[in-house]
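Worksheet: the structure to be examined is printed underneath.
This structure is a prediction, so every number in the text was calculated from the model and none was measured.
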Amino acid sequence: MGILLFAASLTPSLIPRNQVVQGVLSGFAFGAGYGIGVVLRSVYRYLELPGLSSASLRVVRPVAIVACLGLITTALYHVKTWQNSIRSVMNMEPLETGYPFSVSVIAIICFAILLLISRGFILFGKMLAGKFYQRFPRRVSLVAGVALAVLLIITLTNGVLVEYTFRALDRSFQQYDALLEPDRPQPLIAERSGSINSKLDWRELGRAGREFVASGPSAADITAFTGQTALEPIRLYAGLQVADSPMERARLLLDELIRVKAFDRSTLVIITPTGTGWVDPSAMDGLEYLLHGDVASVALQYSYLNSPMSLVFQPESGQESAQALFRTVYDYWKELPASQRPELYLHGLSLGAFNSQRSFTFLDILGDPINGAVWSGPPFPSELWRSLTNNREAGSTEWLPVFEDGRFVRFMNQDGMPNAKDVPWGDLRFVFLQYASDAITFFEKDLLYQEADWMKKPRGPDVSPLLKWYPVVSMLQILIDMPLSDTVPMGYGHVYAPGHYLNAWIEVTGIDSWLPEQIDALKVLLLKKSEGGEGYESRGG
């Protein structure tokens, strides 16, 4: 069983793996298979079923050993081909070797550590069971010992280890967040938080907040590109240090919006950042060019931790913060005359998309609907995204579904969206920008025992044609793909390209004043900015 799962773990998944990651994955896969084999053998013996005779074993064992060695050798030989099948669809340079020796050594070390931990746990359970032997039957004692061992370990892990880890990580990320970057000067223009005109202190915006308000195109940049007079784009941000509660921070941002006359702009975007507070510059730069600077965007930090840690340790902080900012801004916005207020949109990437979707209910906005949203890379726990995907039209794919003819909600990838020109938009416009190779979006716990729909043909353009589903292993593969999703080239995995964001905003806002060649030129400009790193310090997840 260990060998079978080890060999399956070498097959391609969504994200290319180096030899270290592959070795760790294969070690875990071997351990999972080995554990399953031990459990099955124990159950078989517990049921007192007959085993093979000594004569049969003398034949079966050598055959099994040869078969396992042949399977391992074959799988390791194909590692390079399998990994290059992923790299090919992502336009990455092919590997010269699959590093079979390195992968094997790392897998053995990883499995040995897992085995020692497992056997230590078993010995602990047996030790506890021994305390019950004098008063209870043997099997009752064994069950009680195992149950008590599990309870103690879970309690220790959740109550002590997790809490200590959270506090240590939170302090570490908080200190990093507070560091002032010498190469990022305080903005001088009044339309940015942290400027001398702002009530929000530059030092309290946090690292991600300072990056957001200090980056992006200026009015001069936009004018130079378009040849038309542009307004100074408004970018506002509040870090965790500016006030004690999400609602207080949201009210400070509302004061800032009023100060810079953001409600006089044509468009207002409420952004929910990722776990660290990071806002993807790729998402907003293009919109500011499209609207000639006539746009205001506002974001509120809710954590110092990156998205996976924030989701584990602070699952409700993102939703609470997103709801506070949306409710505060929306309540003010809806009281303005409909003909004089800006169009209101939502945006979020990754965990930001997840919490942005939870910032409101459709009953909240029934009387005064917002105009729409662009949500990119929605993570797999997203309830709204999951409901829309599961209720997609028959014949549409899970990686690019069609819901209710696309009248209000549409899904977009690198190649655009299905039936985009066949059905007119409604008054509300929601776009989910997602790549089929994004493991953060398409991870499913059900992969443990069944094939996902997105694995079936036809597949997404950025998914390996050699990918196959294997019980247990596929779940481990996609699980380890998630933290690697930011390591691939832009336009794949969890790295969303500025040109694709631009397409999404054009769909949502309905802008039609730009010629196709102008749009193409803008995409080239945005791509150069992203590749040059201007305002793209960290993906910060």
Within-4.5 Å side-chain heavy-atom neighbours: [X] and [Y]:
X	Y	value
L5	Y470	no
I370	L346	yes
I478	L14	yes
D415	P461	yes
D294	P233	no
T389	F411	yes
L236	V260	yes
V374	V269	no

Salt bridge (Lys or Arg N to Asp or Glu O under 4.0 Å) between E507 and R410, intermediate numbers included: CA-CA 9 Å; E507 286 292 334; R410 295 183 183 180; 3.7 Å; yes
Candidate list S88, S437, S85, S13, test side-chain hydrogen bond (donor to acceptor under 3.5 Å, both in side chains), partner S464, passing option: S85
Ion pair R392/D453, N-O distance below 4.0 Å: yes
Pairing of R386 and E398 as salt bridge, 4.0 angstrom limit: yes
Candidate pair L253 and L300, rule side-chain contact (heavy atoms from CB on, under 4.5 Å), full reasoning: CA-CA 8 Å; L253 280 176; L300 178 59; 4.0 Å; yes
Where the side chain of [X] meets the backbone of [Y], is there a donor-acceptor pair that is under 3.5 Å apart?
X	Y	value
S382	P379	yes
T11	A7	no
H347	I271	no
W82	G98	no
E393	D405	yes
Q323	R358	yes
Q301	G277	no
W454	F442	yes
Q518	L515	yes

Assess whether atom [atom1] of [X] is packed by more than 12 heavy atoms of other residues, nucleotides or ligands within 6.0 Å.
X	atom1	value
K468	NZ	no
E93	CD	no
D427	CG	no

Pairs involving residues 488-499, ordered by first then second residue, that meet salt bridge (charged side-chain N to carboxylate O under 4.0 Å, His left out) (sequence neighbours left out): none
Residue pairs, two or more places apart or on separate chains, that pass salt bridge (charged side-chain N to carboxylate O under 4.0 Å, His left out) and touch residues 230-240: R235-D285, R235-E288
Side chains of [X] and [Y]: donor-acceptor distance under 3.5 Å anywhere?
X	Y	value
S245	E248	yes
Q414	D462	yes
S26	S9	yes
D364	T361	yes

Stepwise side chain to side chain donor-acceptor pair (under 3.5 Å) check, E343 with S266: CA-CA 6 Å; E343 293 186 345; S266 67; over 6 Å; no
[X] [atom1] to [Y] [atom2] distance, which is reported to the nearest 0.5 Å:
X	Y	atom1	atom2	answer
I365	Y330	CD1	OH	6.5 Å
I258	F263	CD1	CZ	6.0 Å
N18	T487	CG	OG1	8.5 Å
W385	Q357	CH2	CD	9.5 Å
S321	N355	OG	CG	8.0 Å
R17	I86	CZ	CD1	6.0 Å

Test log, rule side chain to side chain donor-acceptor pair (under 3.5 Å), inputs Y289 and D221: CA-CA 9 Å; Y289 275 98; D221 294 330; 5.2 Å; no
Determine the interplanar angle of the [X] and [Y] rings, folded into 0 to 90°, and report it as parallel if under 30°, tilted if 30 to 60°, perpendicular if over 60°.
X	Y	answer
H500	Y435	perpendicular
Y496	H494	perpendicular
W375	F360	parallel

Chi angles and distances behind the side-chain contact (heavy atoms from CB on, under 4.5 Å) call for F362, L366: CA-CA 6 Å; F362 286 100; L366 200 58; 5.8 Å; no
side-chain contact (heavy atoms from CB on, under 4.5 Å) evaluation trace for Y302 with L351: CA-CA 11 Å; Y302 54 87; L351 190 61; 3.6 Å; yes
Chi angles and distances behind the salt bridge (Lys or Arg N to Asp or Glu O under 4.0 Å) call for R259, E256: CA-CA 5 Å; R259 175 184 68 83; E256 284 282 274; 2.9 Å; yes
Residues that I506 engages under side chain to side chain contact (heavy atoms under 4.5 Å, CB included), provided they are two or more places apart: L290, L502, I519
Residue pair S198, S193: steps toward the side chain to side chain donor-acceptor pair (under 3.5 Å) verdict: CA-CA 6 Å; S198 173; S193 294; 4.7 Å; no
From CA spacing to verdict: side chain to side chain donor-acceptor pair (under 3.5 Å), E383, S387: CA-CA 6 Å; E383 297 94 345; S387 175; over 6 Å; no
Stepwise side-chain contact (heavy atoms from CB on, under 4.5 Å) test for L525 and K528: CA-CA 5 Å; L525 173 68; K528 286 181 178 179; 5.6 Å; no
